[in-house]
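Since the structure comes first, as structure tokens, the remarks are kept for the end.
Proteins come first, then strands; the chains are lettered A, B, ... in the order of their sequence lines, and each starts at number 1. These numbers were taken from a predicted model, which means no experiment stands behind them.
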Protein chains: 2
Amino acid sequence: MVAITIKDVAALAGVSAATASRVLSGNPATSPDSRARVAAAVTELDYRPNAQARALRSTRSDSIGLLVSDVRNPFFADLAHTVEQAALAAGYVTLLGNANERKEQQDRYLDTLISRRVDGIIVAPLGDGSGSIRSLITREIPTVFVDRTVDGLDIPSVTTDSEAGIRQAVEHLAAAGHTRIGYISGPQATSTGRDRFAAFTRAIADKGLSQDHELVYFGDYQAASGSAGVHALLQLRRPPTALLAADSLMAVGAIAILHKLGRRIGVDIALIAFDDIEWFALLNPALSVISHSVEEMGRIAVDMLLQVIDGGQPESVVLPSELIVRASSSTPTSPVSGPSLRTN
Amino acid sequence: MVAITIKDVAALAGVSAATASRVLSGNPATSPDSRARVAAAVTELDYRPNAQARALRSTRSDSIGLLVSDVRNPFFADLAHTVEQAALAAGYVTLLGNANERKEQQDRYLDTLISRRVDGIIVAPLGDGSGSIRSLITREIPTVFVDRTVDGLDIPSVTTDSEAGIRQAVEHLAAAGHTRIGYISGPQATSTGRDRFAAFTRAIADKGLSQDHELVYFGDYQAASGSAGVHALLQLRRPPTALLAADSLMAVGAIAILHKLGRRIGVDIALIAFDDIEWFALLNPALSVISHSVEEMGRIAVDMLLQVIDGGQPESVVLPSELIVRASSSTPTSPVSGPSLRTN
DNA sequence: CGTTTCCATGGAAACGATTCCATACCTACA
DNA sequence: TGTAGGTATGGAATCGTTTCCATGGAAACG
């Protein structure tokens with residue numbers, strides 16, 4: 001592996017390394033002649049500048065870090081795609097990390113991102129402001145929180161207003177006659193887990209529905225915990241007649257076990273999920289969801305990060321959420337959960 | 001932003017930069033005393049080594065590149081997760097790129113990955129061996145192809161044997177009485193697109209089914225082209241009674257438009273998709289699929305890449321595929337596509 | 001024609017680590 | 001006691017760029 005350096009290019013072009021560097025970085029203080037000669041040498045040698053050396057000298061790495069909990073979650077997959085494409089358009093490459101909803105892995109990734117001197121970090125954070133998150137602040141590394149926040153940290157963020165969507169969902173279910181709504185919550189170590197749970201609690205109270213704390217199951221945003229949640233909730237002496245899942249993966253788990261148990265969604269039990277995924281509309285019955293725009297979230301996050309990198313202090317953005325009613329929650333149920341007709 | 005370097009650490013610890021470096025890299029030629037002093041200085045200063053400088057000097061970047069077509073495709077999302085986690089376990093971070101099934105974007109990403117001197121690259125390649133792919137070889141950059149290959153290039157790869165699964169699918173449909181099977185193909189610029197199409201053609205011929213070339217629609221592995229394919233195939237004078245989609249996204253598009261057109265899957269028309277996605281089993285009717293193991297593919301790809309980085313020459317691996325019959329294809333259909341009973 | 005200005009250029013010093021090489025010290029052995 | 005061998009250490013070179021600074025020549029101006 002013979003490494004080709006800028007000196008080789010300079011030698012072949014008959015100029016100095018300094019001039020070659022100037023040509024390559026588009027510095028106007030270059031003659032058309034040397035521009036042409038260097039360009040020719042570059043293609044002749046198939047020269048690729050060493051990004052490490054460049055970054056070392058210029059203290060810019062042209063890379064950003066994106067830390068999410070799990071790309072297999074369609075929400076984060078969409079986010080990763082949008083962020084990566086927007087960053088690419090702005091000349092940055094994206095380092096992807098999956099924290100797997102585990103704080104030590106988040107810290108480990110933040111450490112590597114700091115070591116690699118990424119120009120900025122977009123993170124869906126987990127936990128409180130302890131650990132490596134603290135280092136981001138003391139080092140003044142441009143950071144933007146996406147989807148989630150961390151209490152007490154003054155970092156610009158793009159989040160969703162869960163309140164509106166969840167309130168609409170609860171009101172919708174209440175209007176259909178449900179009084180006992182089961183809630184499959186996200187982990188309380190995340191701001192979305194806490195916020196959505198709080199929104200649910202408030203909405204339930206405002207509507208005068210059952211606040212039986214047994215109706216809440218605390219999951220971890222993974223499919224398996226959705227199944228476990230349904231399992232637990234259906235074993236109650238007075239099981240819920242409707243379910244609200246705090247993210248799409250737990251909804252998937254819930255659907256899987258409901259199928260297995262032979263409970264007909266939208267007939268025997270109503271189901272609404274947070275997060276709109278293309279596929280949810282294809283289910284039969286189609287799934288009612290609380291929708292929010294991932295693409296917008298990703299684009300705004302990159303925009304904000306670029307601003308922070310440029311020394312700006314963008315305002316945090318809160319995006320709306322909204323209930324989309326489909327068949328999975330459209331059947332009115334009598335309060336005692338009697339039999340009902342199926343609609344489609 | 002005051003940068004803390006190894007010299008600061010060395011000064012605080014009262015040793016030289018060389019010794020500090022030795023301590024940090026675990027070199028045994030260090031006294032317990034300086035080890036302790038350096039460790040203390042590191043935590044005191046919250047020192048993070050500059051990965052660029054380290055990489056520049058040691059010609060290892062401890063990073064790999066992963067280039068897929070689109071993380072929003074659940075297959076690639078799973079792959080990205082597995083690869084990223086396996087790489088992390090081996091001490092590497094992953095640079096993610098989405099080529100969006102476009103050759104120029106693939107080339108652009110390969111260029112940046114080369115510039116960044118990643119230690120290796122895992123790519124689901126697109127197109128022929130022209131463009132930047134060629135540079136990978138001449139520069140002897142450790143590379144592994146995953147899911148797809150490029151004809152004529154001697155690069156280790158992990159792929160799926162599409163033949164077996166597709167043959168099983170065709171035989172299964174033929175046994176159910178289908179003679180006109182529509183095929184929604186992947187792009188012919190990808191090896192999977194070509195291989196699966198060839199396998200389909202062979203299977204159709206062997207079974208003596210209709211080889212009407214109008215029954216093949218060439219899509220691009222995106223959902224929209226699945227919809228377009230169904231639309232085109234159903235407009236034929238003699239439309240197919242069964243459909244085989246070459247990937248999951250096109251299957252999603254197909255399902256969406258079939259719903260909209262009021263065609264009942266598994267009743268009016270049979271449907272089988274390549275790629276097994278957890279959610280496909282949750283559809284009603286559940287979707288028959290040709291399944292292959294993404295996790296295994298990802299793990300093996302990282303294993304192989306590590307071998308190549310170590311100077312080895314691992315053998316390419318071909319993983320099996322297999323038909324999983326579910327309700328979407330289980331109803332026998334009379335050759336003339338008459339009415340039939342619904343099973344579930 | 002002489003002086004100023006401008007522009008393209010090359011030499012050399014960074015950037016922050018690793019690593020070769022030489023040295024100083026200490027122990028062990030004859 | 002003198003020498004060989006081992007160990008911990010520091011100085012300095014190095015990795016491949018960018019960028020500061022000085023220089024030389026051409027152009028422009030009086």
Sort me out a list of protein N/O and nucleotides 12-17 of chain D N/O pairs below 3.5 Å, or just none if empty.
{"residue": "D:dT14", "atom": "O2", "partner": "B:R57", "partner atom": "NH1", "Å": "2.7"}
{"residue": "D:dT17", "atom": "OP1", "partner": "A:Y47", "partner atom": "OH", "Å": "2.8"}
{"residue": "D:dT17", "atom": "OP1", "partner": "A:N50", "partner atom": "N", "Å": "3.2"}
{"residue": "D:dT17", "atom": "OP2", "partner": "A:I6", "partner atom": "N", "Å": "2.6"}
{"residue": "D:dT17", "atom": "O5'", "partner": "A:Y47", "partner atom": "OH", "Å": "3.1"}

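- Inspection of the A:S31 and A:D33 side chains reveals no N or O donor paired with an N or O acceptor under 3.5 Å.
- Between B:R22 atom CZ and C:dT18 atom P the separation is 11 Å, expressed in whole Å.
- No contact: A:S25 has no heavy atom under 4.0 Å from any strand.
- Side chains of B:Y92 and B:S61: no donor on one and acceptor on the other come within 3.5 Å.
- Under 3.5 Å, the side chains of A:Y109 and B:E84 contain a donor-acceptor pair of N or O atoms.
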Cut-off 3.5 Å, no hydrogens considered: what does the side-chain donor-acceptor table look like for residues 303-316 of chain B, sequence neighbours left out?
{"residue": "B:S316", "atom": "OG", "partner": "B:S157", "partner atom": "N", "Å": "3.0"}
{"residue": "B:S316", "atom": "OG", "partner": "B:S157", "partner atom": "OG", "Å": "3.4"}

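- The existence of a salt bridge linking A:D46 and B:R139 is confirmed by a sub-4.0 Å separation between a basic side-chain nitrogen and an acidic carboxylate oxygen.
- Distance alone, capped at 3.5 Å, places no donor-acceptor pair between the B:S115 side chain and the B:L113 backbone.
- Rounding to whole angstrom units, CG of residue B:L24 and C1' of C:dT19 are separated by 14 Å.
- Rounded to whole angstrom, the span from the CG atom of B:D33 across to the C1' atom of D:dT7 amounts to 14 Å.
- With a 4.5 Å cut-off on side-chain heavy atoms, A:I114 and A:L136 count as touching.
- Put simply, the residue from A:V38, A:V23, A:T30, A:V9 that forms a side chain to side chain contact (heavy atoms under 4.5 Å, CB included) with A:V15 is A:V38.
- Between A:E101 and A:R148, at least one side-chain N (NZ, or NE/NH1/NH2) sits under 4.0 Å from a carboxylate O, which counts as a salt bridge.
- Between A:T30 and C:dA8, a side-chain N or O to OP1/OP2 separation shorter than 4.0 Å is absent.
- Counting non-hydrogen atoms under 4.0 angstrom, A:P28 reaches the backbone sugars and phosphates but no base.
- In this entry the distance linking CZ of A:R35 with P of C:dA8 reads 8 Å, nearest Å.
- One interatomic measurement links the two molecules: CG of B:L45 to P of C:dG16, which rounds to 14 Å at whole-angstrom precision.
- As a whole-Å value, the separation of A:N27 CG from D:dT18 P is 11 Å.
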**Q.** Paired and unpaired positions of DNA chain D as dot-bracket, Watson-Crick or G-U wobble under 3.5 Å, | denoting a partner strand
**A.** ||||||||||||||||||||||||||||||
